[in-house]
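Below you'll find the structure, written out as structure tokens, and then a few comments.
Residue numbering restarts at 1 for every chain, and letters A, B, ... go by the order of the sequence lines.
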Amino acid sequence: MPSNRIRLTVYPHIIKGIILEKVSVDELKNYLGKEVQLHGWVYNTRSSGKISFLLFRDGTGIVQAILYHPDHREELVKRFEELNQETSIVLVGKVREDKRSPLGIELDIVDFNIISKSIDYPISPKEHGVDFLQSNRHLWLRSKKQSSIMRIRSDVVFFAREFFNNRKFLCIDAPIFTPSACEGTTTLFEVDYFNDKKVYLSQSGQLYMEAAALAYGKVYCFGPAFRAEKSKTRRHLTEFWQIEPEVAFFDIDDDMELAEDLVIYLVQKILERRTDDLKILERDIKPLENIKKPFYRITYEDAIKILNKKGIEIKFGDDFGAPDEAAISFEFDRPVFVHRYPTQIKAFYMKKDKDREDLALGFDMIAGEGYGETIGGGQREDDYDTLLKRINENNLPVENFKWYLDLRKYGSVPHSGFGLGIERFVQWITKTQHIREVIPFARTLDRTEP
RNA sequence: UCCUCGGUAGCUCAGUCGGUAGAGCGAGUGGCUGUUAACCACCAGGUCGGGGGUUCGAGUCCCUCCCGGGGAGCCA
């Protein structure tokens, strides 16, 4: 496999004439007793007289490498002293089992070369404040916990796509520039388009997914969403990512089951593949292991009763706040679906319950352990006249929704879908305090840098 | 938009009643053969967020602006 070999043209000074296999830290356990080369950065160094320790990172993990001075020429020992935090190096070492290492393995340094030095790296392996870390997000991403979070996030996205592919969903990307709100209530980011026209950054791909579902049956999109609400909490971003499936001939119960299957699939995959990262994040995995069928399903009115019983004052028609959702989540040992909300607190496109005109066939999935709404979805209004009435009631510009109404004009069918917020989900799985940490470069009310 | 907390060394913070600016970590130098945020010794490092005011004297009190954290509402 040529791609796995060092290219001597790039680092000709490394090991004269000998081509060593280039491996990553997460593969080292397969190379016990062998000499390998790694490309990466210095995480930290320590020394104790005649022995020096190098914590080496390459993006897949961190391994400790040892340099016992008497075994090496003086020049190499001296070069070791030049290593600062985040100096980039090519490292050649022999893989050895060692019980003292958290990984179970260590490297004996054979040789290394400095690619580029790192002077006064600002992030030390000590405590830092959120402000400072956010300002240095481009560097903060290199640290241990952030690396674990990003690996988990990457897997969540990958396996969500795999889940839908396995079920023969078509990936249909929704536009980012949209003519108006998907859900009239929330504020939008306005963008200057051509000829003095205004467009808005998408809040959701849902309406377009409905068109796609009536075209292809089972579809999903994965993309960014933008909300110009001036939210300033550790659960909010102005730019976040969602995965939004939409299925024709699906009712609210089918929809909740799909959401349930997806969540279980994702949690299982992360538990299988990211045990080490969950450990680094000190995530208690017991609550995650408990996530299996069936999730609880309660109606909005049940939820109100639960909250009232707990002494929280809330009545029919009130929406749940973050503390209410947390209170509900603590009542259950796995995620809970709350369904059939009053129509007036839900979006215009939600179908009304035929037995209860005042209820909408929408649901939220409230994640466990105090984390709130992670999924929101439901059955869509598929009757032309009812939908038109709802658009007018919400004072939405009918002309912008002409195409959306068309979907009810030409072979309308019952259909449902939901949106899963990637960051909310990863925040819950990794039990991270701030949502800003589970997206590579967070966009928040007061911060657009770096 | 509202409520609330904060801004002092590269970082995390202390600074009493208004009286000459402090610590730990990090950087640098030296020491140590198994360190895990190593340890020990030495050493450098300051426009106290900006502006204005009160005062003999302001990091400290007052006004104002800027920047950031947490929360509410809204939501994923």
Side-chain angles (χ1 to χ4, degrees), chain A residues 43-55 62-71 81 84-85 96 98-103 106 108 118-136 139-140 143-145 181-188 202-206 223-244 259 318-326 345-347 364-367 371-377 418-428 433-436 438-439 444-447 449:
Chain A
Y43 196 72
N44 203 0
T45 60
R46 284 184 283 271
S47 71
S48 178
K50 296 275 177 289
I51 188 165
S52 296
F53 303 92
L54 162 68
L55 281 177
I62 294 175
V63 68
Q64 178 164 272
I66 282 84
L67 187 77
Y68 181 49
H69 300 183
D71 289 350
E81 288 168 10
N84 288 323
Q85 200 186 350
R96 176 173 42 77
D98 195 304
K99 289 205 174 73
R100 288 167 290 195
S101 152
L103 275 182
E106 276 186 349
D108 286 317
S118 166
I119 316 283
D120 295 335
Y121 186 71
I123 302 179
S124 61
K126 293 279 175 179
E127 272 175 44
H128 296 287
V130 184
D131 181 27
F132 174 79
L133 289 172
Q134 278 294 130
S135 295
N136 288 284
L139 303 175
W140 187 23
S143 58
K144 197 157 55 171
K145 283 194 176 180
C182 289
E183 323 184 8
T185 53
T186 39
T187 23
L188 294 154
S202 175
Q203 295 180 309
S204 159
Q206 184 206 311
F226 305 88
R227 303 274 164 97
E229 296 142 2
K230 296 202 170 176
S231 303
K232 210 179 156 186
T233 80
R234 59 187 147 95
R235 300 181 310 281
H236 288 88
L237 295 164
T238 54
E239 181 184 306
F240 65 96
W241 290 72
Q242 358 181 53
I243 196 143
E244 294 175 286
D318 294 340
D319 207 351
F320 302 130
D324 305 322
E325 286 181 1
I345 59 169
K346 283 291 169 186
D364 288 339
M365 191 198 82
I366 295 174
Y371 287 83
E373 184 183 346
T374 307
I375 288 178
F418 62 83
L420 178 145
I422 296 293
E423 289 78 18
R424 289 264 176 100
F425 186 81
V426 175
Q427 189 184 6
W428 166 48
Q433 259 282 316
H434 308 263
I435 197 166
R436 294 164 173 84
V438 302
I439 186 166
T444 55
L445 184 56
D446 294 311
R447 204 184 273 279
E449 296 277 340

**Prompt:** Does a donor on one side chain and an acceptor on the other come within less than 3.5 Å for Glu244(A) and Gln206(A)?
**Reply:** no

**Message:** Just by distance, no angles: are the side chains of Gln85(A) and Ser118(A) close enough, under 3.5 Å, to form a donor-acceptor pair?
**Reply:**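 Per modelled atom types, Gln85(A) and Ser118(A) side chains form no pair under 3.5 Å.
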
To the nearest angstrom, how far is [X] atom [atom1] from [N] atom [atom2]?
X: Gln134(A); N: G70(B); atom1: CD; atom2: C1'; answer: 14 Å
X: Asn44(A); N: C25(B); atom1: CG; atom2: C1'; answer: 12 Å
X: Leu420(A); N: C75(B); atom1: CG; atom2: P; answer: 18 Å
X: His434(A); N: G68(B); atom1: NE2; atom2: P; answer: 16 Å
X: Asp446(A); N: G69(B); atom1: CG; atom2: C1'; answer: 10 Å
X: Leu54(A); N: U36(B); atom1: CG; atom2: C1'; answer: 13 Å
X: Gln85(A); N: C25(B); atom1: CD; atom2: P; answer: 16 Å
X: Gln206(A); N: C75(B); atom1: CD; atom2: C1'; answer: 14 Å

Applying a 4.0 Å non-hydrogen cut-off, can you work out what [X] is touching in the nucleic acid: base, sugar-phosphate, or nothing?
X: His69(A); result: nothing
X: Glu81(A); result: nothing
X: Ser47(A); result: base
X: Asp364(A); result: nothing
X: Pro323(A); result: sugar-phosphate

**Asked** Taking atom CZ of Phe425(A) and atom CG of Leu420(A), what is their separation to the nearest 0.5 Å?
**Response**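 Between Phe425(A) CZ and Leu420(A) CG, I get 6.0 Å after rounding to 0.5 Å.
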
**Complete:** Value for CZ (Phe53(A)) from OG (Ser48(A)), rounded to nearest 0.5 Å, stands at 6.5 Å

Between [N] and [M], how far is it from one [atom1] atom to the other, in whole Å?
N: C62(B); M: A58(B); atom1: C1'; answer: 11 Å
N: G45(B); M: G10(B); atom1: C1'; answer: 9 Å
N: C61(B); M: C74(B); atom1: C1'; answer: 40 Å

**Request:** Identify which nucleotide among G34(B), C75(B), C74(B) has an atom closest to any side-chain atom of Ser231(A), counting heavy atoms from C-beta outward.
**Result:**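 Given the options G34(B), C75(B), C74(B), the side chain of Ser231(A) is closest to C74(B).
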
**Message:** Walk along nucleotides 2-11 of chain B from 5' to 3' and tag each nucleotide B, S or - by protein heavy-atom contact under 4.0 Å, base first, then sugar-phosphate.
**Reply:** ---------S

**Fill in**
For RNA chain B, the expected dot-bracket line (Watson-Crick or G-U under 3.5 Å, [ ] crossing, | inter-strand) is (((((((..((((.....[..))))..((((.......))))......(((((..]....))))))))))))....

Output yes when at least one side-chain N/O atom of [X] is less than 4.0 Å from OP1 or OP2 of [N], else no.
X: Arg235(A); N: A72(B); value: yes
X: Arg46(A); N: U35(B); value: no
X: Arg436(A); N: G70(B); value: yes

**Request:** For Leu55(A) and for Asp319(A), locate the closest nucleotide of RNA chain B by heavy-atom distance; then report the residue assigned to the nucleotide nearer the 5' terminus.
**Result:** Leu55(A)

**Prompt:** Between Asp108(A) and His236(A), which is nearer to the 5' end of RNA chain B once each is assigned its nearest nucleotide?
**Reply:**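 Residue closer to the 5' terminus by nearest nucleotide: Asp108(A).
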
**Message:** I'd like to know if Asp131(A) pairs up with Arg447(A) as an ion pair, taking the criterion as any Lys NZ or Arg NE/NH1/NH2 lying under 4.0 Å from an Asp or Glu carboxylate oxygen.
**Reply:**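 Looking at Asp131(A) and Arg447(A), the cut-off is met.
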
**Asked** Any Lys/Arg nitrogen of Lys346(A) or Asp364(A) sitting under 4.0 Å from an Asp/Glu carboxylate oxygen of the other?
**Response**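 Judged by the 4.0 Å cut-off on N to carboxylate O distance, Lys346(A) and Asp364(A) do form a salt bridge.
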
**Polar side-chain atom of Gln427(A) near backbone of Gln433(A) as donor-acceptor pair, under 3.5 Å** = yes

**Asked** With no hydrogens and no angle check, is any side-chain donor or acceptor of Thr233(A) less than 3.5 Å from a backbone partner on Arg235(A)?
**Response** yes

**Prompt:** Does the C67(B) base have a donor-acceptor partner in the side chain of Arg447(A) within less than 3.5 Å?
**Reply:** no

**Request:** Could you say whether the aromatic ring of Phe53(A) and the base of G34(B) stack, counting only centre distances under 5.5 Å and plane angles under 30°?
**Result:**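 Stack criterion not met.
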
**Request:** Only one of Leu67(A), Ile66(A), Thr45(A) passes side-chain contact (heavy atoms from CB on, under 4.5 Å) with Ser52(A); say which it is.
**Result:**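 When side-chain contact (heavy atoms from CB on, under 4.5 Å) is applied between Ser52(A) and each of Leu67(A), Ile66(A), Thr45(A), only Leu67(A) qualifies.
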
